[in-house]
Structure formats: C-alpha cells, structure tokens
**Student:** 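There's a structure below that I have some questions on.
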Amino acid sequence: MRRFVADKAKNLITKTRTTYSSPSSSTTTCVLQRRTSSPQSASVLRFLSILHTAPSDSMASDYSSTPVTLNNLNPKVLKCEYAVRGEIVNLAQKLHQDLKDNPGSHPFDEILYCNIGNPQSLAQQPITFFREVLALCDHPVILDKSETQGLFSADSIERAFQILDQIPGRATGAYSHSQGVKGLRDTIASGIEARDGFPADPNDIFLTDGASPAVHMMMQLLIGSENDGILCPIPQYPLYSASIALHGGTLVPYYLDEETGWGLEISELENQLKTAKSKGIKVRALVVINPGNPTGQVLAEANQRDIVKFCKKEGLVLLADEVYQENVYVPEKQFHSFKKIARSMGFGEKDISLVSFQSVSKGFYGECGKRGGYMEVTGFSPEIREQIYKVASVNLCSNISGQILASLVMSPPKVGDESYESFSAEKEAILSSLARRAKTLEDAFNSLEGVTCNKAEGAMYLFPRINLPAKAIKAAEEAKTAPDAFYARRLLNATGIVVVPGSGFGQRPGTWHFRCTILPQEEKIPAIVSSLTDFHKQFMDEFRG
C-alpha cells in the first residue's frame with residue numbers, strides 16, 4: 001500500500017514541477033522546493049514529509065528486539081573502514097539516482113566517478129582477444145560451428161581449445177582445484193618466468209577472485225591478535241587497513257615522503273619497527289605497493305633491493321602488491337617484481353618469505369567485474385603451505401572466468417599470432433591515453449591555488465595535496481568531518497565529480513589530500529579540469545578570508 005501511495009505522490013510531484021535540492025550534510029535527505037503554491041502541491045508536500053519521517057520511527061521499533069545491534073556486533077567490523085566506497089560515494093549514488101529521476105535538478109548532468117580504479121565503468125573497452133577466448137570457453141559448442149572461424153581469430157579459437165582441455169569435463173561452471181585449474185597455473189608460472197627471468201612453480205600460485213581475497217587470506221594467516229603488526233605505507237590503499245582491522249591486528253604505519261615523490265625511506269621503516277617493538281607489537285610483515293596506490297610512484301631498483309635486505313634482516317614477510325605492474329607512464333622508470341629483485345640478489349626459496357599479488361582488474365585490461373587474480377607464495381615451509389591451502393580450500397575455488405583471464409593476462413598473444421597486432425594496438429592506445437590523461441590532470445592540479453601534485457609515474461591515480469584556508473578547516477570542524485572530506489563533498493555537490501578524501505588513505509597529520517583517478521574518457525578530461533578549476537576558485541574565494 002505504501003508503495004502504491006508513494007507512486008501516486010511521485011506522479012503528483014511531476015505534475016506540480018517540484019525539484020530536489022542536493023544534500024548538504026552527511027544525511028541524504030532531499031528537501032522539496034515548490035515552484036507552485038497550488039493546494040494540490042501543498043498536500044503532496046505534507047504527505048511526503050510524513051512519508052519521509054515515519055519509516056525511521058517505525059524501523060526503530062521494528063528492529064528494537066532483534067538479536068544483532070551495534071552494541072553486540074563484532075567490534076572489528078565497526079572499526080573497519082573503506083573510504084573508496086565510503087560516505088562520499090554513497091552520496092554520489094543518491095545524486096545519480098536524483099539526476100535520473102529529476103533531470104536538471106543539479107548544476108551538472110552526470111556523476112563522474114573518479115574515486116575508484118574501475119576502467120570499464122568509465123567506457124574503457126575490453127581487450128578483444130581476452131573476451132573472444134572467454135566467450136568461446138563459456139559456450140564451447142560454438143567452437144564446432146563453421147561460422148566461428150569468420151567471427152573469431154584463429155589464435156583465440158586455438159587458445160580456447162587449449163584452456164578447455166585443461167579444465168576437467170571442459171566445464172567452466174564447475175568447481176576447480178582450490179588453488180585454481182592446474183593448467184592455468186602452469187601458464188601463469190610460465191608468464192612469471194618470462195617476465196622475471198627466474199623459475200616459477202605453478203604450485204606456488206593461488207588463483208583468487210581478484211587480489212583482495214589473497215590479501216585477506218594472508219592477513220588471516222599472519223594475524224593472531226592485536227599484538228601482531230603489519231608495516232603498511234601511509235598513504236595506503238584502504239584494503240590493507242580494513243583487512244588488518246577485520247582480522248584484529250595492528251597497522252604499523254610508515255610514511256612515504258611526499259617531498260621526494262612519495263619515496264620509501266629505509267630509515268622510516270627502521271624507526272617505525274623500533275617504535276612498534278617498544279609497544280610490545282610483533283611486526284609480522286611489510287606491505288609495499290608498487291606502483292603506488294594512491295600515490296602513483298614507481299620504485300627504483302636500488303630502493304627495492306634495500307627493501308628486500310630490510311625484510312631479510314628483520315625476518316619479515318614481504319607482501320608485494322604489484323597489481324599495477326603494467327601501468328608505468330614515464331620512460332625513466334620500469335617495473336621490476338620483488339621476486340625478480342630478490343632472486344637477482346641471490347636470495348632463494350628459503351632465504352626470504354615473499355607473497356606477490358596480481359589482478360586482472362588493473363593494467364590495460366581493467367576487467368574488475370570478472371574478479372580474477374592470484375598470489376605467488378614463496379619462502380614458506382611445507383607445513384605453512386598446507387595451512388595456506390587449507391584456508392584457500394574453505395572458499396572452494398575462485399571463479400573460472402577470472403582464472404582464465406589471469407592466465408591470458410600473463411600469456412597474451414605473441415608475435416606471429418593472428419591477434420598480436422590488434423592486441424598490441426589496443427594495449428598501446430589504452431596505456432598512452434592514460435599517460436596523457438595523467439599529465440593533463442597533474443598540470444591542472446598544480447595550477448590551482450594552494451594545491452601541489454607529484455607526478456603520476458604509474459598506477460591509475462593522482463594524490464594532490466590541498467592547503468586549505470583556516471576558515472575552511474573551521475567549517476569542516478563545525479560540520480564534524482575531516483577538512484578534505486568537507487572539500488570532496490562540496491566538490492561533488494557543485495560539479496558531480498567524485499574523489500576520495502586523503503583522510504581515507506592516511507596522511508601525515510596536518511596535511512590534506514584527495515585521490516582522483518585518471519580513468520574518465522580522454523575527451524571528458526578538459527571539461528573535468530574546467531569544472532574543477534571553477535569550483536576550486538569559488539571555494540578558495542569563499543573561505544580565504
């Protein structure tokens with residue numbers, strides 16, 4: 001009945017040409033503004049006011065006797081935060097629906113999601129070869145049809161046959177081995193070996209639904225109590241702080257040096273390790289994100305060697321987040337895996353414990369929704385490997401499409417294959433466009449009053465620092481929100497541009513930032529720059545005095 005009445009009310013609203021004003025606080029209540037004073041309009045407004053307030057009261061009474069409350073919920077869940085999909089994004093989604101229901105109700109026509117590395121949601125096209133192979137594997141009956149040869153490349157057909165022969169029963173809808181299909185792990189290991197120049201063992205590969213479950217798995221294994229610490233970069237990707245909180249550990253921060261392009265200083269690691277030990281915290285592992293998220297730096301080889309030495313000396317597991325390994329935009333830098341660095345230094349399987357994470361969500365492929373990825377686990381005893389496998393087996397297996405994609409990412413078309421030229425052209429077009437977008441946005445941020453932005457050497461983000469006026473910081477305090485979140489909310493309400501406040505990633509006290517992806521379509525970047533520039537000028541004019 002309520003739905004029927006609400007629908008009728010919505011129709012009346014349309015007839016009386018009412019609109020919604022955009023939210024201006026953490027609540028998402030829309031305030032109706034009348035454009036007419038007709039009795040019918042007034043009655044609709046009174047009705048909707050009742051309809052809006054009634055559910056909260058009834059919901060409170062409806063749920064007052066339920067067994068789960070915030071008071072008895074797992075406190076680790078309450079402590080966990082994930083800013084990339086947090087408050088600002090929730091507001092953006094409501095504004096998106098508002099624009100859909102009431103076109104023209106805001107000073108922008110669309111929401112531009114610059115908050116998350118989700119390339120295909122921003123119109124990046126999938127890689128043709130990857131999708132052809134996936135289509136053929138998921139519906140293998142078309143492999144035997146004569147028309148298929150004219151619709152699909154010869155090497156995609158051949159690869160699909162190879163993959164299906166590796167999958168028991170050729171069934172992509174069936175469970176696989178808990179580490180992933182053995183033949184696909186063989187392909188990935190060969191790809192790692194070709195990349196690094198050192199042997200890789202398929203038994204070291206654990207295929208996962210993106211890199212995130214692999215990170216959770218390692219945190220689950222390493223953290224036993226709040227006395228177990230994980231050295232984590234600040235700023236960091238919130239997956240790590242969230243996972244550490246969920247598993248009850250302690251995040252031991254080490255600060256990247258913004259003045260040197262987000263450099264990682266060994267002296268900072270040593271100081272933070274010493275401080276943690278003085279507090280009774282046993283540091284178990286070091287997280288390194290290379291290329292950096294949200295900071296976009298690419299580590300130099302010499303720096304990586306120092307990091308490996310540090311982990312070896314201190315007996316730490318090195319957790320290497322390498323999901324942006326294809327995203328390097330400056331000629332003077334090159335990606336090197338930590339496994340390659342460690343092996344080139346003469347450290348073997350028993351010398352250092354290393355877990356490397358890779359994902360199909362990033363790079364030039366951007367297959368976020370397919371949820372494919374893996375971790376390569378080296379330097380652990382057989383007894384520990386059994387425990388890792390046990391934890392993996394609890395989840396049965398990762399999805400097969402993601403497993404197939406992971407194998408394709410690590411073994412793309414080669415010279416001489418029919419798809420090689422088109423594949424190479426698609427890859428180059430995406431990566432070169434990302435580099436141009438990164439440079440345009442970097443220059444735009446650096447042109448704004450009170451904003452400085454380091455170069456995006458890699459990954460998919462810029463992390464500009466904003467020096468906010470004291471008046472803006474005071475306004476944020478009065479609104480009970482972080483100053484950079486206050487700025488991000490105002491930016492969203494004025495332009496429809498969604499960024500993530502730096503406070504969601506961690507930052508040096510007294511500094512404020514936001515993360516912005518470089519992923520919107522290249523032709524939209526000038527308009528984004530224009531909107532952001534106009535907003536920033538107005539914001540600074542408002543709060544400068």
**Student:** Given ring-ring contact (aromatic ring centres under 6.0 Å, His included), test Phe347 with Phe338 step by step and report yes or no.
**Tutor:** CA-CA 11 Å; Phe347 293 133; Phe338 270 100; over 10 Å; no
**Student:** For Gln325 and Ser337, does a side-chain donor sit closer than 3.5 Å to a side-chain acceptor?
**Tutor:** no
**Student:** Do we see a donor-acceptor contact under 3.5 Å between the side chains of Gln166 and Gln162?
**Tutor:** no
**Student:** What's the spacing between Ile466 CD1 and Cys453 SG if we round to 0.5 Å?
**Tutor:** 11.5 Å
**Student:** What distance do Ser156 atom OG and Glu418 atom CD have between them, rounded to the nearest 0.5 Å?
**Tutor:** 7.5 Å
**Student:** Using the rule given for side-chain contact (heavy atoms from CB on, under 4.5 Å), can you reason through Val89 versus Ile116, listing the C-alpha separation, both sets of side-chain angles and the distance that settles it, and then say yes or no?
**Tutor:** CA-CA 10 Å; Val89 181; Ile116 192 167; over 6 Å; no
**Student:** Is the number of heavy atoms from other residues, nucleotides or ligands within 6.0 Å of NZ (Lys309) greater than 12?
**Tutor:** no
**Student:** Hey, mind stepping through Lys455 and Glu332 against salt bridge (charged side-chain N to carboxylate O under 4.0 Å, His left out) and telling me if it holds?
**Tutor:** CA-CA 13 Å; Lys455 180 186 292 186; Glu332 66 270 22; 3.8 Å; yes
**Student:** Go through the side-chain N and O atoms of Ser419 and Ser153 and say whether any donor and acceptor fall under 3.5 Å apart.
**Tutor:** yes
**Student:** Please find the pair of heavy atoms, one from Cys397 and one from His177, that lie closest to each other, and give the distance.
**Tutor:** CB-O, 3.7 Å
**Student:** Is any side-chain N of the basic residue among Lys339 and Glu322 closer than 4.0 Å to the acidic one's carboxylate O?
**Tutor:** no
**Student:** Please determine whether a side-chain nitrogen of the Lys or Arg among Lys182 and Asp186 lies less than 4.0 Å from a carboxylate oxygen of the Asp or Glu.
**Tutor:** yes
**Student:** Have Glu265 and Ser267 got a donor and an acceptor in their side chains that come within less than 3.5 Å?
**Tutor:** no
**Student:** Can you tell which of Phe445, Phe505, Tyr237 makes a ring pair (Phe, Tyr, Trp, His ring centres under 6.0 Å) with Phe463?
**Tutor:** Phe505
**Student:** Step by step, work out the side-chain hydrogen bond (donor to acceptor under 3.5 Å, both in side chains) result for Arg371 and Thr208.
**Tutor:** CA-CA 8 Å; Arg371 307 311 299 134; Thr208 52; over 6 Å; no
**Student:** What pairs with Asn227 under side-chain contact (heavy atoms from CB on, under 4.5 Å), at least two apart in sequence or on another chain?
**Tutor:** Ser225
**Student:** Heavy atoms, side chains only, cut-off 4.5 Å: are Tyr255 and Pro509 in contact?
**Tutor:** yes
**Student:** Minimum heavy-atom separation for Gly229 to Val252, with atom names?
**Tutor:** CA-CG2, 4.1 Å
**Student:** Using the rule side chain to side chain contact (heavy atoms under 4.5 Å, CB included), only one of Asp228, Ile223, Ile281, Ile244 pairs with Thr250; which is it?
**Tutor:** Ile281
**Student:** Kindly check if the number of other-residue, nucleotide or ligand heavy atoms within 6.0 Å of CD (Glu193) is above 12?
**Tutor:** yes
**Student:** Let me see the working for Asn293 and Lys362 under side-chain contact (heavy atoms from CB on, under 4.5 Å), right down to the final yes or no.
**Tutor:** CA-CA 12 Å; Asn293 176 10; Lys362 309 305 178 184; over 6 Å; no
**Student:** Check whether more than 12 heavy atoms from other residues, nucleotides or ligands sit under 6.0 Å from atom NZ of Lys414, and answer yes or no.
**Tutor:** yes
**Student:** Under the side-chain hydrogen bond (donor to acceptor under 3.5 Å, both in side chains) rule, collect the residues that match up with Arg131, sequence neighbours excluded.
**Tutor:** Gln120, Glu367
**Student:** We want to know whether Ser503 and Asp484 form a side-chain donor-acceptor pair, criterion being a heavy-atom distance below 3.5 angstrom.
**Tutor:** yes
**Student:** Mind running side-chain contact (heavy atoms from CB on, under 4.5 Å) on Gln403 and Gln179 for me, showing each step along the way?
**Tutor:** CA-CA 10 Å; Gln403 292 188 32; Gln179 282 184 243; over 6 Å; no
**Student:** Could you tell me if the ring centre of Phe129 sits under 6.0 Å from that of Tyr365?
**Tutor:** no
**Student:** Check Leu251, Leu319, Val215, Ile230 against Tyr240 for a side chain to side chain contact (heavy atoms under 4.5 Å, CB included) and give me the one that passes.
**Tutor:** Val215
